[in-house]
Amino acid sequence: MPNLLIAIESSCDDSCISVVSSKFEIIYEKSISQIDLHKAYGGVFPELASRSHLEYLQIILADLRNYVDILDVKAVAATYAPGLIGGLLVGCGIAKGICHMYDKKIIPVHHLEGHLESVNIEKEKHVDYPNLTLLVSGGHCQFILAKSFGNYEVLGKTLDDSVGEAFDKIGKMLGFEYPGGPKIEEFAKNGNDYIEIGKPMIDNGLNFSFSGFKTSVMRFLEKHKEDINPDFIASVCKNAQDRISENLVYKSTLAIEYVQKMGIDLQNFVLCGGVAANKTIIANIQSLCNEKNIRLYHPQLKYATDNATMIAFAGVKRMNLDLFGDLAFSPVSRIPISEVNIR
Ligand code: KG4
Ligand code: ZN
């Protein structure tokens, strides 16, 4: 009986394919990052991303054929939303081609469901339900309550920039190459506490806003043009990272209390998305979870940022439930995760 799933991720600037079995064994995984191509543009250049996905995914597929027999494959999953539409069209087009050619089932996967599953990769025990997720990536910042697999409710989200975007834009102001998040974390290690920039928005309940904070960093840097030296830059990084982290902890406290007031016995908290690679943020959310007696799950570093193994994990869960898609589906650039709820 064929029991493997091929998964394709191409929603942003990583071209990735993984193969995972129905028992969640990783058979194959490969990613080609496009970061170097986009650096010159200070962010992801969509047209270039689509063209590069078309090229890189072919390279990975050719390699994959040395390791995987198509006869063992039951289904093909692909990120169908949300993301840059050109990249999604390329990934889904390739997935559909394989399905047509070899008579396989298709599984469209929501990118955020993939991030939610990233905490289960290479773990003996998968996170239990119900669980509350803080998803912090380059494209998203939201609280998702999962009552069971495929039963999601978005409790709050950013009103403007995502956390990753805030890190990237602040990084750009400091002269760092894209993506700014990892550089800010690195520089923050040598920073001091002598500067005060401001704080991200604390109003609006479970919703976030980082655009005002980004502007206050910009104004602060303009005002202190004369002070720019390595120690100053490191301290701006530390300050920005600490204020963002505090905001995430504050909002997470509200979200946990909100869920508990709904009468849900919340025991599991998930921190995922590219920003979940940040050690300060992990440590601070861990302290909050300890205080609240809740178990924290976060992905291993390698699976925090975009990868196809997380898409495969979501895909395998759907495959094991016989939840297949129609080959006529179309990718979409924006759609809430609650749209993929299993009804
Ligand atoms: O999940 P991801 O790979 O792509 C999206 O789905 O958006 O997230 C990428 C984001 C970028 O904004 C990047 O700056 C941020 O994650 N990021 C970090 C760190 N590593 C990646 N932000 C803060 N600290 C990090 N260590
Ligand atoms: Zn992502």
Side-chain angles (χ1 to χ4, degrees), residues 7-16 31-35 38-39 42-44 46 49 53 78-84 87-88 91 109-119 121 133-142 144 157-158 161-174 176-189 191 200 208 210 213-214 237-245 247-248 270-285 298-314 333-335 337:
I8 302 178
E9 160 59 37
S10 58
S11 65
C12 191
D13 60 347
D14 293 288
S15 308
C16 324
S31 290
I32 304 181
S33 166
Q34 300 182 8
I35 281 182
H38 298 288
K39 267 179 183 162
V44 181
H53 283 308
T79 304
Y80 87 102
L84 298 172
L88 296 172
V109 171
H110 194 284
H111 184 76
L112 302 194
E113 187 172 70
H115 275 299
L116 263 53
E117 290 302 320
S118 68
V119 298
I121 304 172
T133 292
L134 169 60
L135 194 155
V136 276
S137 71
H140 299 89
C141 180
Q142 45 186 262
I144 300 164
K157 57 185 181 167
T158 183
D161 292 346
S162 69
V163 192
E165 224 173 331
F167 271 114
D168 295 339
K169 287 178 179 170
I170 294 169
K172 200 170 173 182
M173 292 174 207
L174 293 169
F176 298 155
E177 283 179 333
Y178 169 83
K183 305 265 168 28
I184 291 181
E185 177 170 27
E186 198 186 313
F187 275 74
K189 286 180 195 151
F208 299 88
F210 294 100
F213 181 64
K214 179 193 68 191
C237 290
K238 180 166 192 308
N239 193 280
Q241 180 176 267
D242 286 348
R243 296 296 86 80
I244 288 174
S245 179
N247 188 263
L248 296 178
V270 171
L271 173 69
C272 64
V275 180
N278 187 290
K279 293 199 180 58
T280 300
I281 293 174
I282 297 172
N284 292 339
I285 296 283
H298 61 87
Q300 296 171 44
L301 194 60
K302 146 177 192 203
Y303 297 115
T305 48
D306 289 349
N307 64 88
T309 305
M310 67 183 197
I311 303 301
F313 268 54
S333 57
R334 291 175 83 88
I335 193 164
I337 189 173

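All ligand and atom numbering here is 1-based and tracks the order in the structure.
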For F187, look at atom CZ and say whether over 12 heavy atoms of other residues, nucleotides or ligands are found less than 6.0 Å away.
-> no
For the residue pair [X] and [Y], establish whether any side-chain heavy-atom pair is separated by less than 4.5 Å.
| X | Y | answer |
| --- | --- | --- |
| M310 | C272 | no |
| F167 | V136 | no |
| V163 | I244 | yes |
| E185 | Q241 | yes |
| E9 | N307 | no |
| I170 | F176 | no |
| K39 | I35 | yes |

Answer side chain, backbone, both or neither: which part of [X] comes under 4.0 Å from ligand 1, heavy atoms only.
| X | answer |
| --- | --- |
| H140 | neither |
| K279 | neither |
| T305 | both |

State whether a side-chain donor-acceptor pair under 3.5 Å links S15 with H53.
-> yes
Write out the residue and atom name of the closest protein heavy atom to [atom], then the distance separating them to 0.1 Å.
| atom | result |
| --- | --- |
| atom 2 (P) of ligand 1 | D306 OD1, 3.4 Å |
| atom 26 (N) of ligand 1 | E185 OE1, 2.7 Å |
| atom 9 (C) of ligand 1 | G138 N, 3.7 Å |
| atom 15 (C) of ligand 1 | V275 CG2, 3.9 Å |
| atom 24 (N) of ligand 1 | N278 ND2, 3.1 Å |
| atom 21 (C) of ligand 1 | G274 O, 3.4 Å |
| atom 12 (O) of ligand 1 | D168 OD2, 2.7 Å |

Quick one: [atom1] on [X] to [atom2] on [Y], what's the gap to the nearest 0.5 Å?
| X | Y | atom1 | atom2 | result |
| --- | --- | --- | --- | --- |
| T280 | D242 | OG1 | CG | 6.5 Å |
| S333 | L88 | OG | CG | 7.5 Å |
| D306 | D13 | CG | CG | 7.0 Å |

Can you find an N/O atom of G139 closer than 3.5 Å to an N/O atom of ligand 1?
-> yes
Do G181 and ligand 1 have an N or O pair less than 3.5 Å apart?
-> yes
Hey, what's the ring geometry for F210 with F208, parallel, tilted or perpendicular (30° and 60° as the breaks)?
-> parallel
Looking at ligand 1, does C12 have a heavy atom less than 4.0 Å from it?
-> no
Contacting atoms of ligand 1, where contact means under 4.0 angstrom from a heavy atom of [X]:
| X | value |
| --- | --- |
| H111 | 6 (O) |
| F167 | 22 (N), 23 (C) |
| P179 | 13 (C), 14 (O) |
| G164 | 12 (O) |
| H115 | 1 (O), 6 (O) |

Quick one: angle H111 NE2 - the Zn ion (ligand 2) - H115 NE2, to the nearest 10°?
-> 100°
Would you say C12 reaches the Zn ion (ligand 2) with an N/O/S atom under 2.8 Å?
-> no
Closest to the Zn ion (ligand 2), among the N/O/S atoms of D306, is atom OD1
